[in-house]
Amino acid sequence: MALSPLNARRWRSFRRNGRAFWSLIVFALLFTVTLFAEFVANDKPILVSYRGEFYMPILKFYPETDFGGDFQTEAIYRDPEVQCLIDSGGLESCFDDPEEMIKTIDDGTFDTKTEGFKRGWAIWPLIPYSYDTTVDRPGAAPLPPNRQNWLGTDDTKRDVLARVIHGFRLSILFTLMVTGAASLFGIMAGAVQGYFGGWLDLVFQRFIEIWSATPSLYVIIIMFAILGRSFWLLVFLMVLFGWTSLVGVVRAEFLRARNLEYVRAAKALGVGNMTIMFRHMLPNAMVATLTMLPFIVTGTIGGLASLDFLGFGLPSSAPSLGELTLQAKQNLQAPWLAFTAFFTFAIMLSLLVFIFEGIRDAFDPRKTFS
């Protein structure tokens with residue numbers, strides 16, 4: 001699909017901003033990788049071959065009995081016994097003779113009972129731990145980085161790199177949902193206020209002043225105490241208190257533009273209010289709107305991290321970057337936690353700010369047409 005001449009000029013303007021363009025590429029690569037976090041960091045194999053059949057444990061539940069075990073519960077694929085069963089094609093002595101189990105895994109030796117069975121195999125993710133997997137390493141947690149855990153473990157022996165990958169995705173998806181919904185409501189409210197003005201604008205402004213003065217943090221804590229911590233509840237509450245951020249900017253732009261000649265001409269021609277507002281006036285207000293978006297995005301990420309740091313954010317089972325920051329504070333003897341949290345937030349926020357700066361400049365007519 002070809003871009004319109006105006007959007008093509010905007011894209012060229014964005015491309016000329018090298019910092020924004022390369023930040024977009026780096027962020028897109030990181031976000032794409034984390035979108036498929038289950039295929040990158042997981043304690044289940046991506047693909048298993050057992051007796052000539054293929055299984056995808058990463059996507060589907062398989063009981064241990066499917067691999068020759070005794071239990072109907074999901075197979076624990078990191079268990080040496082389950083690995084032996086898969087590797088040997090269901091060798092019964094995997095449970096009976098530990099030395100033979102180890103020998104089977106190491107060099108593929110088979111008992112005569114398995115003759116005719118195909119040797120099994122499993123393809124594991126690059127990081128064989130999920131965000132909630134307990135690492136089997138000797139020593140007191142948190143454990144320092146090594147070849148097994150590239151960024152070490154936290155204070156409950158969970159792999160830090162796996163939690164960062166899953167936490168990065170969660171933070172970005174949460175921010176996109178909150179920022180998108182809050183911006184939509186804020187732009188609509190500001191456009192209605194600025195376009196119609198009068199008593200509607202007056203009443204709406206008084207309501208926003210009261211609503212903005214509500215202590216949102218206390219409300220979130222109270223709601224979580226009553227309803228429990230939930231991802232979707234937190235999204236709803238953040239949107240509920242965040243939509244006012246863009247109202248003032250959009251309202252000011254519409255108040256300024258509603259008496260301009262092109263708006264009067266459109267009204268005289270009988271063009272509908274909604275068409276004038278969102279097709280003709282809103283594009284002219286986008287520069288001021290996009291100027292505020294980096295602050296909203298970084299504020300949302302910071303708000304989520306702050307709530308998690310205080311223990312009033314996402315459920316404790318969620319991979320939270322704020323919770324990692326709290327662990328860094330509580331474990332000063334483990335500097336890898338602090339460095340990981342700092343660089344994760346620094347890289348994430350810097351890339352987002354650079355990208356939105358480039359988008360803002362691309363929508364600025366003074367720079368697009370220069």
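The residues of the chain are indexed from 1 along the displayed sequence. Here the structure is a predicted model, which means the values were calculated and not measured.
- For an aromatic pair to be called close, the ring centres must be under 6.0 Å apart, and Tyr50 with Phe67 satisfies this.
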Quiz: residues 121-128 side-chain donor-acceptor pairs under 3.5 angstrom, not counting sequence neighbours:
none

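- A heavy-atom distance below 4.5 Å is not found between the side chains of Asp159 and Thr133.
- Salt-bridge annotation for Arg158 and Glu323: present, with a side-chain N of the basic residue lying under 4.0 Å from a carboxylate O of the acidic one.
- Looking at Gln193 and Tyr195, their side chains never bring a donor and an acceptor atom within 3.5 Å of each other.
- A salt bridge links Glu38 with Arg169: at least one charged nitrogen is closer than 4.0 Å to a carboxylate oxygen.
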Donor-acceptor contacts under 3.5 Å from residues 181-191 side chains, at least two apart:
from, atom 1, to, atom 2, distance (Å)
Ser183, OG, Thr179, O, 2.6

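- Of the charged side-chain nitrogens involved, none lies within less than 4.0 Å of a carboxylate oxygen, so that Glu261 and Arg264 do not count as a salt-bridged pair.
- Screening residues 209-219 for salt bridge (charged side-chain N to carboxylate O under 4.0 Å, His left out) gives Arg206-Glu209 as the qualifying pairs, with residues at least two apart or on separate chains.
- Between Phe207 and Trp243, the two ring planes are parallel [angle under 30°; tilted spans 30° to 60°].
- Looking only at side-chain heavy atoms (C-beta outward), Arg163 and Asp154 come within less than 4.5 Å of each other.
- Glu64 and Tyr77 form no side-chain donor-acceptor contact under 3.5 Å, judged by distance and modelled atom types alone.
- Ring geometry, Tyr55 versus Tyr62: the interplanar angle exceeds 60°, so the pair is classed perpendicular (tilted spans 30 to 60°).
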